[in-house]
Structures are given as structure tokens and as C-alpha cells.
Amino acid sequence: MKILVTGGSGYIGSHTCLELLKMNYEVAVIDNLSNSKKTSLKRVEKITKNKIDFFKVDLLDLKKLNHVFDKFTPDAVIHFAGKKAVGESVIKPIEYYKNNLGGTINLIEVMKNHNIKKLIFSSSCTVYGLPNKVPIKEDFPVSAVNPYGRTKLFIEFLLQDVSQSDPNWNIIVLRYFNPVGADQSGIIGEDPNGIPNNLFPYITQVAVGKLPILSIYGNDYPTPDGTCIRDYIHVSDLAFGHVKAIDKLRKSSGTNTYNLGTGKGYSVLEVLSTFEKVTGKNIPHRFVKRREGDVSASYSDTTKARRELGWKANKNLEDMCKDAWHFQSLNPRGYN
Ligand code: NAD
Ligand code: UDP
């Protein structure tokens with residue numbers, strides 16, 4: 001089976017390409033390299049000794065996108081490509097709407113013209129807005145609190161409309177919780193541009209001496225230790241969720257939505273102490289005021305993915321910390 005992966009050289013995309021190649025899928029990637037480097041895919045090829053067809057194409061370029069589909073003709077598409085920085089989306093909303101929505105609309109149009117109607121889309125737990133309770137189930141109300149979240153939500157609505165317009169479409173929406181860590185080889189991992197916004201890459205960059213100190217956003221939340229609780233999921237477990245979703249695409253119809261998380265929540269302080277324990281590194285930290293838009297606790301109910309995809313996360317927080325550090329320590333300057 002041939003799978004086209006948009007945004008495949010990025011963090012989650014490269015780990016998913018690795019899992020797909022391990023399962024003997026034929027893989028092609030479209031990426032404009034706006035937030036990634038081709039090195040990630042070269043390394044995936046090295047690990048698997050398999051080839052990936054790479055197209056440096058922007059999804060906004062309809063003509064080139066058409067050419068890719070003429071050349072590769074996939075059986076299904078996994079759509080990761082998109083901008084993902086919440087703070088940046090507040091400052092540059094039009095860029096986010098144009099890239100994320102415009103790119104998806106082009107993709108759907110080209111897929112339709114080539115009669116390819118199997119799609120997996122990367123959504124996010126951000127579409128649950130400020131949830132009233134945890135664990136979060138797929139049928140909880142959706143809302144968005146920033147432009148990035150709204151692009152995810154609008155795309156979800158768009159995909160529902162597309163599958164309602166034509167029963168031959170078969171779409172799976174995956175709502176990721178907090179993907180972290182790296183492949184256990186330490187050869188590929190997370191390499192964000194500039195100063196990281198997310199907790200894990202921030203901690204690993206403090207550990208490697210690139211950043212001096214971790215700021216913890218708030219210790220006055222209504223949680224046992226006052227810091228926020230999140231559902232961190234190992235990126236390799238998440239990547240394997242896409243392999244299971246492809247299996248499901250063969251037999252499902254319409255649009256189906258699944259949470260991909262572990263179902264367990266950990267506070268920032270629990271993450272920090274686990275990281276220090278498994279790596280033996282001391283992470284200097286201080287408490288600062290809350291970050292705007294953060295919810296106090298978010299973790300998933302994973303029953304639906306377990307029941308319908310036959311998937312569950314296997315790696316624990318110690319694995320996540322160990323593997324994140326393994327990649328960072330082997331690659332102190334990321335892919336550079
Ligand atoms: P990433 O930035 O590492 O990967 C996204 C890739 O898409 C990058 O390689 C980038 O160059 C590419 N891209 C962006 N716009 C493009 C365009 N117009 N044309 C072609 N390529 C384009 O991000 P990631 O962490 O791997 O996330 C993948 C997807 O998962 C994104 O859609 C993101 O919103 C979603 N997601 C991520 C997280 C997370 O915490 N990492 C959580 C929930 C959802
Ligand atoms: N966080 C923090 N310091 C940082 C980055 C993140 O204290 O430098 C906290 C953040 O407030 C949240 C948790 O770590 O409670 C996870 O944040 P992240 O940005 O990784 O993911 P989010 O859940 O916000 O998408």
C-alpha cells in the first residue's frame with residue numbers, strides 16, 4: 001500500500017514514516033521544509049534501509065501538488081503539514097488560516113480529482129478548549145481558544161462536510177494529546193526552531209546546557225502540586241497509532257475521530273522529577289506566573305481508540321524522558 005505523508009519531515013511525521021516503513025508501506029513525503037529539515041528523513045532511511053520519495057512542495061502550490069499525485073498515486077494520505085505554534089498564531093492569524101486551511105482545501109481538491117478518498121488528519125486536544133471535566137472523551141463539546149486551535153476545529157468541520165457530501169470519503173481524525181520523546185535509537189527526535197515553547201524540548205535543552213533555567217508557568221493551579229497536568233504520549237506510540245488508523249481506513253466509512261493519549265495525567269513537577277531521576281541531570285527551575293490560555297488539567301479517555309483501532313500507548317513517562325534525553329544528548333544541536 002502506498003501512503004503519502006504531508007509534513008512528513010517534521011517531528012511526528014518523521015516518526016510515523018519510520019513506523020510505516022517498518023511495516024513495509026511504500027512512503028512518499030510532501031514538505032515545504034518551513035519547520036523541518038530533510039535530514040530527519042535521511043536518518044529514517046538509514047534506520048530502515050528503505051527509501052522515501054521526497055517532494056519539496058508547498059501545499060499552497062496547487063499545480064505542484066497535482067504533479068505529486070500524478071507521479072505517486074497514493075492509496076491513502078496522512079496529513080500532518082501545518083503550522084503549530086499557538087503564540088505565533090495569535091500574532092499572525094492570517095498566515096495560520098491561509099497555511100492550515102488553504103493547504104488542507106488544496107489537498108482535498110487534488111485527492112478528489114485523483115479519486116483518492118482515504119485520509120488521516122492530525123488534530124489536537126486543543127479542540128476541547130477549556131474542558132469541564134477529565135478524562136476527555138471524543139464526544140465532549142469542542143471549542144477553540146486561539147487561532148491555531150480554530151484552524152484545527154475548522155478543518156475538522158470541513159472534513160465532516162466533505163465526507164457527508166460523498167460517501168466514498170473515508171476520513172480518520174486523530175486528536176493528539178502531548179506528543180514527546182524520540183525514537184529509541186536516538187537518531188531522530190524533536191528539533192524545534194528557536195527557543196522551544198513546549199515543556200519537553202525546553203527541559204532537554206536546559207539539561208544539555210543550551211538554556212540556563214526552566215520557567216514553570218504557575219504553581220497555583222487546582223492540582224495536587226499546583227502545576228498543570230497533561231497527558232504526555234511517547235511519539236513512537238503516537239506514530240504507531242497512525243499505522244492502526246490505516247488498518248481501520250480499509251474497513252470504515254465516513255469520518256471517525258479518536259483521541260491518541262495515554263489516559264494518564266502528569267504535572268509539570270512530576271515530569272521534571274522523573275526526568276531528573278532517569279537522566280541523573282539536575283534541571284534548574286523557577287516558578288513564574290501562569291501562561292495565558294493554559295488549562296489546569298487535560299488528559300484523555302482512550303477507550304474508543306482501544307476498542308475501534310485496537311491501539312493503546314505502551315511507553316511510560318520514564319521512557320519518554322529517557323528517549324527525549326537520548327536524542328538531545330546525541331544531537332546537542334538538533335539536526336544541525
Ligand atoms: P512539525 O512542525 O514538526 O511538522 C509539520 C511539518 O509540516 C513541517 O515539516 C513543516 O515544514 C510542514 N509544513 C507546514 N506547512 C506546510 C505547507 N504549507 N506545505 C508543506 N509542508 C508544510 O509539527 P509536528 O509536531 O510534527 O506536528 C504535526 C501535526 O500534528 C501538525 O498538524 C500539528 O498541528 C499536529 N499536532 C502536533 C502536536 C504537537 O504537540 N507536536 C499536538 C497536536 C497536534
Ligand atoms: N510549561 C512550563 N514551562 C515551559 C513550557 C511549558 O511550565 O517552558 C508547562 C505549560 O504551562 C503546560 C505544560 O508545561 O502546563 C505543557 O506545556 P506544553 O507547551 O508542552 O504543551 P500544551 O499542553 O500547552 O500544548
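Applying the side chain to side chain donor-acceptor pair (under 3.5 Å) test to Asn331 and every residue at least two apart in sequence or in another chain returns Arg43. Qualifying side chain to side chain contact (heavy atoms under 4.5 Å, CB included) partners for Lys46, counting only residues two or more places apart in sequence or in other chains: none. In this structure, the side chain to side chain contact (heavy atoms under 4.5 Å, CB included) partners of Glu45, at least two apart in sequence or on a different chain, are Lys42, Lys51, Ile52. Scored by the salt bridge (Lys or Arg N to Asp or Glu O under 4.0 Å) test, Glu109 finds no partners at all (sequence neighbours excluded).
Within 6.0 Å of atom NZ in Lys248, more than 12 heavy atoms from other residues, nucleotides or ligands are found, so the atom counts as buried in its surroundings.
The aromatic ring centroids of Tyr335 and Phe327 lie less than 6.0 Å from each other. Between Phe72 and His114, the ring center distance fails the sub-6.0 Å criterion. Residues His285 and Tyr202 keep their aromatic ring centres 6.0 Å or farther apart. Checked against the 6.0 Å centroid threshold, Tyr232 and Phe200 count as a close aromatic pair.
Defined by atom type and a distance below 3.5 Å, a donor-acceptor pair is missing between the side-chain atoms of Tyr221 and Thr227. A donor-acceptor pair shorter than 3.5 Å can be found between the side chains of Thr302 and Arg306.
Clustering of Ile, Leu, Val, Met, Phe, Trp and Tyr side chains at separations under 4.5 Å places Tyr217 together with Val288. Hydrophobic cluster membership for Val295: Leu130, Val145 (Ile, Leu, Val, Met, Phe, Trp, Tyr linked by side-chain heavy atoms under 4.5 Å, directly or transitively).
Counting only distance, with no hydrogens or angles, the side chain of Ser267 and the backbone of Cys228 share no donor-acceptor pair below 3.5 Å.
Each of Ile229, Val271, Asp231 was checked for a side chain to side chain contact (heavy atoms under 4.5 Å, CB included) with Tyr266, and the lone residue meeting it is Val271. Here the rule is side chain to side chain contact (heavy atoms under 4.5 Å, CB included) with Phe54, and of Asp31, Val27, Ile30 only Asp31 fits it.
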